[in-house]
Structure formats: structure tokens, C-alpha cells
Amino acid sequence: MKTTRRAFTAGAAALGVSGFAIGRARAAEFTYKYANNLPLTHPLNVRAKEAADKIKEETGGRFELQIFPSSQLGSDTDTLGQIRNGAVDFFTLSGLILSTFVPTAAISGVGFAFSGYDAVWAAMDGKLGAFIREEISKSRQLIAMETIWDNGFRQTTTSTKPIQTPADFDGMKLRVPPAPLWTSMFKAFGAAPTTINFNETYSALQSKVVDGQENPLAIIETAKLYEVQTYCSTTNHMWDGFWFLANRRNWEALPKDIQAIVAKHINAAGLAERADVAKLTQNLRETLSGRGMKFNDVDPKAFREKLRAAGFYAEWKGKFGDAAWATLEGAVGKLS
Ligand code: X2X
């Protein structure tokens, strides 16, 4: 939702009130809301705050970015509706959850697609990222900033047992984010996935509604999931990122000079956040072990074979279509 100082001043003039802002902090000409689902301590919010301060300074106070972390404005599912209708101006969201509106956006989450971060950034800052951003733009309601932010490679945690082989997933009540590809992947592993928005995940694990979940170590740490989970198995089953989305109408209502300043600082913050997540993750296995979590390493081959045998790759190649799948394989090589 945006308020412009011109409308505000016009309103004040109509009321015969002039110089309304005299003696008070001058209201920004544009005040935009940015929502996300992560704790304040996650590098994403640290860097977003830094960007907001730089934008306010460089626009001379004309643009204010109000940050609403930890799903304060609603769950991911709710907030996707709000950014589509313009009630929220910006929202960082996994492409897999976005895929309920822009189906192709889930393609970066295909199981075991990326061998490591070199492959991730070559793809997401290259043709695959451009392909997905174009699909988002075709939606007409949203645009995505050029730099995708890092969530990370996802690991599996449980309160009941370590995951050593795919058979350990059989029948497991596992929380997954609200996205068809997540449900499909863990059904293919043999689990019993339950869709729960992130803002209800801690309580679902605490009350044993579900026995496990999967997330990067930086999320397990900053969301304190180690308090309600015991085992962490390094399944590395997929990489996930956050598109910095804008409501198209509200973005286009900004003057071009302000758009340029906002985009510059948000994209720079995304790059800095990637480095922060990488640095933070380096020591998190030790940190989380110190908090009582029991780690085990997993050989991905058996898990990737389980997905192939279950028809997961064939299913999603059909859903995404040949052009998108060719763009993915062009970035990461043949996927079985
Ligand atoms: O919901 C999740 O698990 C999270 C925080 O990783 C995402 O936003 C996809």
C-alpha cells in the first residue's frame, strides 16, 4: 500500500491545513511494505534493513521501505494473495510456493538438480533465472528483482530417527511448505508430507503434529528448530532461494529515479545476503551439534534413484514443458 506525500498534502490543503509536516519528521513521499517469513536474525532481514536505510538516505527520505518479518502480515499463502492485489508491495518468496501462481517458478527446486553453489548461481544469475523472471513478469501482477536471494541447500530434520536410506522416509509425517513440488518429492521418497506454512511449523513440530521437516541449516538455526528437532540428516535434496517480488502496479507507480535506487540497493543486499548465508552455514553443523542435534551424512545416490524410480523427474518434465526443462538441463546437465 503506498501513500504519496502529494496526496497527503493535497488532502491537508483541502482541510485548510498547511505546512502539516512542519515540526514533525517529514513523511516519506512513498511508504512501501515489504513482507517476509523469516526471523529478524536471519541474514535476509539484516541485509534488507541495511538496504532500506540506504534507499531512504539516497532518496533524501522520499522512499521508506517498511519491513514486516516473521510472517507478521500473514502466512506465505496469505501474503502471496496480498502482493498480487497490491496490499503488500514487496515479498520474498520461494519459487516453489510462488508456483501455485507461476507454475514454472518451481523448476529451480527439482531434486538434486544443483551439484553446489557454483552451479546454482551460474543458473540463477544466467539463463534459468532469466527464464523464470520472464514467466513471473508474464503474470502481469508481479515482477521479480534481478538478484534471487539465498535460502540454501535443504537438509532433513526429525524428532524420531535419523534418515539414513530412503526407506527411513516410509510413512514419515513430514512438514513441507505449501507447494506441489515439495509434496510430490516427499511422496516419491515414500513419506507422508503435510503442507504447513512456515509460521506454523515450529508449533506443528513441538506438538508432534509432524515428526520432521526440511530446511537449510541457517533456517534451522535462526528459527530455533533445534529446540523441537533432534536429528539432522544431510540429504541436500534440493536448493531453494527467495525471489524479491514486487506488485507490478505499485512498482510502476514509482518515479524511474526512485525505482533505480530501490532496485540497486535491493539487488546488492541480495548478493550480500548470499555471502552471509554461506559464511553462517560454515560453522552451523558444529553450532547445532552443540545445541544437541545429532547429525548424519547421507549418500544422495539412493535418494536420487528413488525419485527417478518413482517417476518424479518424468512427472515434472511433463509439467514444466520441454522449453523450461531444456533450460534447466542446459544449466545443470541431464537429470534422470
Ligand atoms: O517454508 C520454509 O520451509 C522456508 C522458510 O524455507 C521457505 O520459505 C521455503
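One-based numbering, in listed order, for ligands and for the atoms of each. For the single chain, residues carry numbers from 1 onward in sequence order.
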State, yes or no, whether a side-chain contact exists between Phe30 and Val262 at a heavy-atom distance under 4.5 Å.
no

Working for ring-ring contact (aromatic ring centres under 6.0 Å, His included), residues Phe312 and Phe189
CA-CA 9 Å; Phe312 173 85; Phe189 279 141; 7.9 Å; no

Could you pull out all donor-acceptor pairs under 3.5 Å where a side-chain atom in residues 121-128 meets a protein atom, sequence neighbours excluded?
unit_1 : atom_1 : unit_2 : atom_2 : d
Asp125 : OD1    : Arg274 : NH2    : 2.8
Asp125 : OD2    : Arg274 : NH1    : 2.8

For Asp240, the ligand 1 atoms whose distance to one of its heavy atoms is below 4.0 Å:
9 (C)

Heteroatom distance test (Asn37, ligand 1): nitrogen or oxygen, under 3.5 angstrom
yes

Which of the atoms in ligand 1, numbered in the order shown and given with their element, are less than 4.0 Å from a heavy-atom of Arg154?
2 (C), 3 (O), 6 (O), 9 (C)

Numbered in order shown, the ligand 1 atoms found under 4.0 Å of a heavy atom of Phe198 are 1 (O), 2 (C), 3 (O), 5 (C)

Ring centroid separation for Phe114 and Phe153, is it under 6.0 angstrom?
no

If we set the cut-off at 4.0 Å for heavy atoms, which region of Glu200 has an atom near ligand 1: side chain, backbone, both, or neither?
neither

What atoms of ligand 1 come within less than 4.0 Å of a heavy atom belonging to Ser94?
9 (C)

List the closest protein heavy-atom neighbour of atom 4 (C) of ligand 1: residue, atom name, distance to the nearest 0.1 Å.
Asn215 OD1, 3.7 Å

How close does the nearest protein non-hydrogen atom get to atom 1 (O) of ligand 1, and which residue and atom is it?
Arg175 NH2, 2.8 Å

Using a 4.0 Å cut-off to any heavy atom of Trp182, which atoms of ligand 1 qualify?
9 (C)

Test item: side-chain donor near acceptor, Thr92 and Trp149, under 3.5 Å:
no

Looking only at distances, can you tell me whether any N or O atom of Asn151, backbone or side chain, sits closer than 3.5 Å to an N or O atom of ligand 1?
yes

Backbone N/O of Thr201 and side chain of Gln213: donor-acceptor pair under 3.5 Å
no

For ligand 1, which part of Gln213 has a heavy atom less than 4.0 Å away: the side chain, the backbone, both, or neither?
neither

Can Arg291 and Glu221 be counted as an ion pair, charged N to O under 4.0 angstrom?
yes

Partner residues of Asp170 under the side chain to side chain donor-acceptor pair (under 3.5 Å) criterion, sequence neighbours left out
none

